[in-house]
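What follows is a set of notes on a single structure, which appears directly below.
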Amino acid sequence: MKKVLWMTIVMLCMTLSVTAQTVKVDKLSKVTLGSRVNLTMDFSKATIHDRSEAEFAKYEKDWEEDKPSIIEKFRAAANFKLDKELKLGFYEDADYQMTVTVKTITTKGFMICDAVMTDKSGQEFFKVENLKGTSDSFFTPGTKLARIKFWAALTGGALGTIMKDRL
């Protein structure tokens, strides 16, 4: 039994290391502290439970209903880590735009995204690829959507931590 557990852990570590988080653009120190950032999350190119978003929405009837709460969990966790140094939200008139493109959501809810922050002219101030949350637990209880919400919060928290370290 222990051998199977260790093999599972090794395989998980190998899988996660293939998609390493990488900060590609880092000009956050030029952003005024306390600035509002309009947040958009795009799931349209994501593979969710080995399906496209459209296929997953047919499979999981509550997807469209629950998507706003998934985005909210991501946003709230990022803001908690940012501690008001930047404010991610739904501010159409904000000077900055953060676009989070979800790439993968596994059957366990684990989420991998790319995030890009630009100003109104399109200049990039921050970009991270393969953003992902971390957890001490290998077991995420709950329904498919509950697991996705859990990992959305962890991934949003990871984004907030990375950004705060660079402000």
With rounding to the nearest 0.5 angstrom, report the [atom1] to [atom2] distance, [X] to [Y].
X	Y	atom1	atom2	answer
Leu154	Lys73	CG	NZ	11.0 Å
Thr106	Arg147	OG1	CZ	8.5 Å
Lys132	Gln21	NZ	CD	5.0 Å

Please step through side-chain contact (heavy atoms from CB on, under 4.5 Å) for the pair Lys164 and Leu28, ending with a clear verdict. CA-CA 9 Å; Lys164 184 172 173 95; Leu28 284 178; over 6 Å; no

Evaluation steps, side-chain hydrogen bond (donor to acceptor under 3.5 Å, both in side chains), between Asn130 and Lys103: CA-CA 8 Å; Asn130 300 317; Lys103 295 163 63 170; 2.6 Å; yes

Cation-pi between Arg36 and Tyr91: NZ/CZ under 6.0 Å from ring centre and within 45° of the ring axis?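 Relative to the ring axis of Tyr91, which defines the angle, Arg36 lies inside both limits.
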
So does Phe80 have more than 12 non-hydrogen atoms from other groups sitting under 6.0 Å from CZ?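 For Phe80, atom CZ is not crowded (no more than 12 foreign heavy atoms under 6.0 Å).
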
Residue Lys149 excluded, over 12 heavy atoms near NZ under 6.0 Å: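 More than 12 heavy atoms, drawn from other residues, nucleotides or ligands, come within 6.0 Å of this atom.
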
Distance-only donor-acceptor check, side chains Gln123 and Thr118, under 3.5 Å: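 Note: Gln123 and Thr118 side chains miss the donor-acceptor criterion.
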
Which residue is it: Val23, Val25, Val31, Leu86? I am looking for the one with a side-chain contact (heavy atoms from CB on, under 4.5 Å) to Phe126.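 Among the candidates, only Val23 passes.
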
Pairs of donor and acceptor atoms involving the side chains of residues 58-65, under 3.5 Å and at least two apart or interchain, shall be tabulated with distances.
{"unit_1": "Lys61", "atom_1": "NZ", "unit_2": "Lys58", "atom_2": "O", "d": "2.8"}
{"unit_1": "Trp63", "atom_1": "NE1", "unit_2": "Glu53", "atom_2": "OE2", "d": "2.9"}

Residue pair Phe43, Thr101: steps toward the side-chain contact (heavy atoms from CB on, under 4.5 Å) verdict: CA-CA 6 Å; Phe43 294 87; Thr101 304; over 6 Å; no

